[in-house]
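As the structure lists them, so they are numbered: ligands from 1, and atoms in each ligand from 1. All residue numbers refer to positions in the sequence shown, counting from 1. Below, each value reflects all heavy atoms present in this structure, side chains not excepted, and no hydrogens, waters or symmetry copies.
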Amino acid sequence: MSSKQGTALVTGASGGIGAVYADRLARRGYDLVLVARDRIRLAALAERLQAETGVAIEILPADLTRNEDVARVEARIAAEDVSLLVNNAGRSLAGSILDNGPAEIADIVTLNIATPARLAAAAAQAFVASGHGAIINIASVLALAPEMFDGIYSGTKAFLLNLSQAMAAQLADKGVYTQVVLPGATRTEIWAKSGKDVNTFPPDFVMEVDDLVDAALIGFDRRETVTIPPLPDDAQWTAMQAARLAMGPNLSKSRVAPRYAATVAEPVTA
Ligand SMILES: NC(=O)C1=CN([C@@H]2O[C@H](COP(=O)(O)OP(=O)(O)OC[C@H]3O[C@@H](n4cnc5c(N)ncnc54)[C@H](OP(=O)(O)O)[C@@H]3O)[C@@H](O)[C@H]2O)C=CC1
Ligand SMILES: N[C@@H](C=O)C(=O)O
């Protein structure tokens, strides 16, 4: 029997933020499709949540950097029971742009940009066709703070913020809700995987993963487009958006802005 909430497909569900989303969504009555590479961890989570909540749970082991695996997940999203996509799987990098080569850069761009874009598109197309559905994209506060990190990881998260705001604008009147979540530093394995010890960070800098997901779901229930769980004053985000939108009418012109007119410009020497 299918659940009233429908089915939520969660990527990166084998640990960290994705596993907590799976837990919370099962308790809200969603059936689940759990996606990640580690079949054993997915099966253990599915078994526990099935026993605790009684919802139907399937596991879909997939390496989301592989085209054929992503295609299997796209096909599962297109099935009519799926009503929620949590686009969460992601990775970080060890070191800066000076330390990473082509393989690492291609891998993170595929996992953090190309795959979530493909899955978001698959979900958007299916949900618009059925007239309802929701998409949660997990970005990062580093989308707003490129100076703080390596630039590549934070750039992938800026992409997700941009994509989500565009999707929210394009899909809201078609019955599809898009939320982008910007966590700050959150205590998960992502830090150790990229060579950082999260326990050396100042304690008031790091959020526990349960708190992060519970706050993000409050933003979801409020139908926020952008949810930033650590940010105390929403007015700061609103002001930044207002400043960005105010530039809109000036961003494309037939004439060069006077400050770039040839007679004004000074040659720059390196
Ligand atoms: N923790 C933090 O401080 C923050 C995290 N985020 C974002 O939150 C999201 C979740 O991260 P978090 O829970 O912290 O990290 P974790 O490393 O704990 O979890 C990452 C999840 O992604 C899965 N994953 C990684 N690579 C692949 C792959 N190639 N194919 C399929 N699944 C994959 C992992 O499963 P498996 O290894 O089994 O494949 C795992 O389930 C990420 O997008 C991250 O960028 C954003 C801001 C802060
Ligand atoms: N996951 C973190 C970096 O690795 C972050 O987004 O803060």
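In summary, the atoms of ligand 1 found under 4.0 Å from a heavy atom of Lys157, numbered by their order in the structure, are 42 (C), 43 (O), 44 (C), 45 (O). Residue Ala139 has at least one heavy-atom neighbour below 4.0 Å for each of these atoms of ligand 1: 6 (N), 7 (C), 46 (C), 47 (C). With ligand atoms numbered from 1 in the order given, ligand 1 contributes 1 (N), 2 (C), 3 (O) to contacts under 4.0 Å with heavy atoms of Trp191. For ligand 2, the atoms lying closer than 4.0 Å to a non-hydrogen atom of Ile190 are 1 (N). Atoms of ligand 1 found under 4.0 Å from any heavy atom of Leu64, numbered from 1 in the order shown, are 28 (C), 29 (N), 30 (N), 31 (C). Within the listing of ligand 2, atoms 3 (C), 4 (O) sit less than 4.0 angstrom from a heavy atom of Phe149.
Of the polar atoms of Arg91, none of the N or O atoms is found under 3.5 Å from an N or O of ligand 1, judged by distance alone. Not one N or O of Asn112 is nearer than 3.5 Å to an N or O of ligand 1, by distance alone. The shortest N/O to N/O separation between Asp63 and ligand 1 falls below 3.5 Å.
For the pair Arg222 and Phe220, the cation-pi test (distance below 6.0 Å, angle within 45°) is failed.
Here Arg48 pairs with Glu52 in a salt bridge; the nearest charged N to carboxylate O distance falls below 4.0 Å. Under a 4.0 Å N-O distance rule, the pair Asp81/Arg76 qualifies as a salt bridge. With salt bridges taken as basic N to acidic carboxylate O contacts below 4.0 Å, one links Glu189 and Arg41.
Of the candidates Leu142, Val198, Ile138, the one placing a heavy atom closest to atom 7 (O) of ligand 2 is Leu142. Nearest to atom 35 (O) of ligand 1 by heavy atom, out of Ser14, Ala22, Ala13, is Ser14.
Checked by atom type and distance alone, the side chain of Asp221 never pairs as donor or acceptor with a backbone atom of Ile218 at under 3.5 Å. Judged by distance alone, with hydrogens and angles left aside, the side-chain atoms of Thr11 form a donor-acceptor pair with the main-chain N or O of Asn88 at under 3.5 Å. The backbone N or O of Gly90 lies less than 3.5 Å from no partner atom in the side chain of Asn112, so there is not a single donor-acceptor pair. Although no hydrogens or angles enter the test, the distance criterion places a donor-acceptor pair under 3.5 Å between the side chain of Asp31 and the main chain of Ala56.
Note: Tyr177 and Phe127 fail the aromatic proximity criterion, with ring centroids not under 6.0 Å apart.
Looking at atom 3 (O) of ligand 1, its nearest protein heavy atom turns out to be Thr186 N, 2.8 Å. Looking only at protein heavy atoms, the nearest one to atom 1 (N) of ligand 2 is Tyr153 OH, 3.1 Å. In terms of protein heavy-atom proximity, atom 4 (O) of ligand 2 is closest to Ser92 OG, 2.9 Å.
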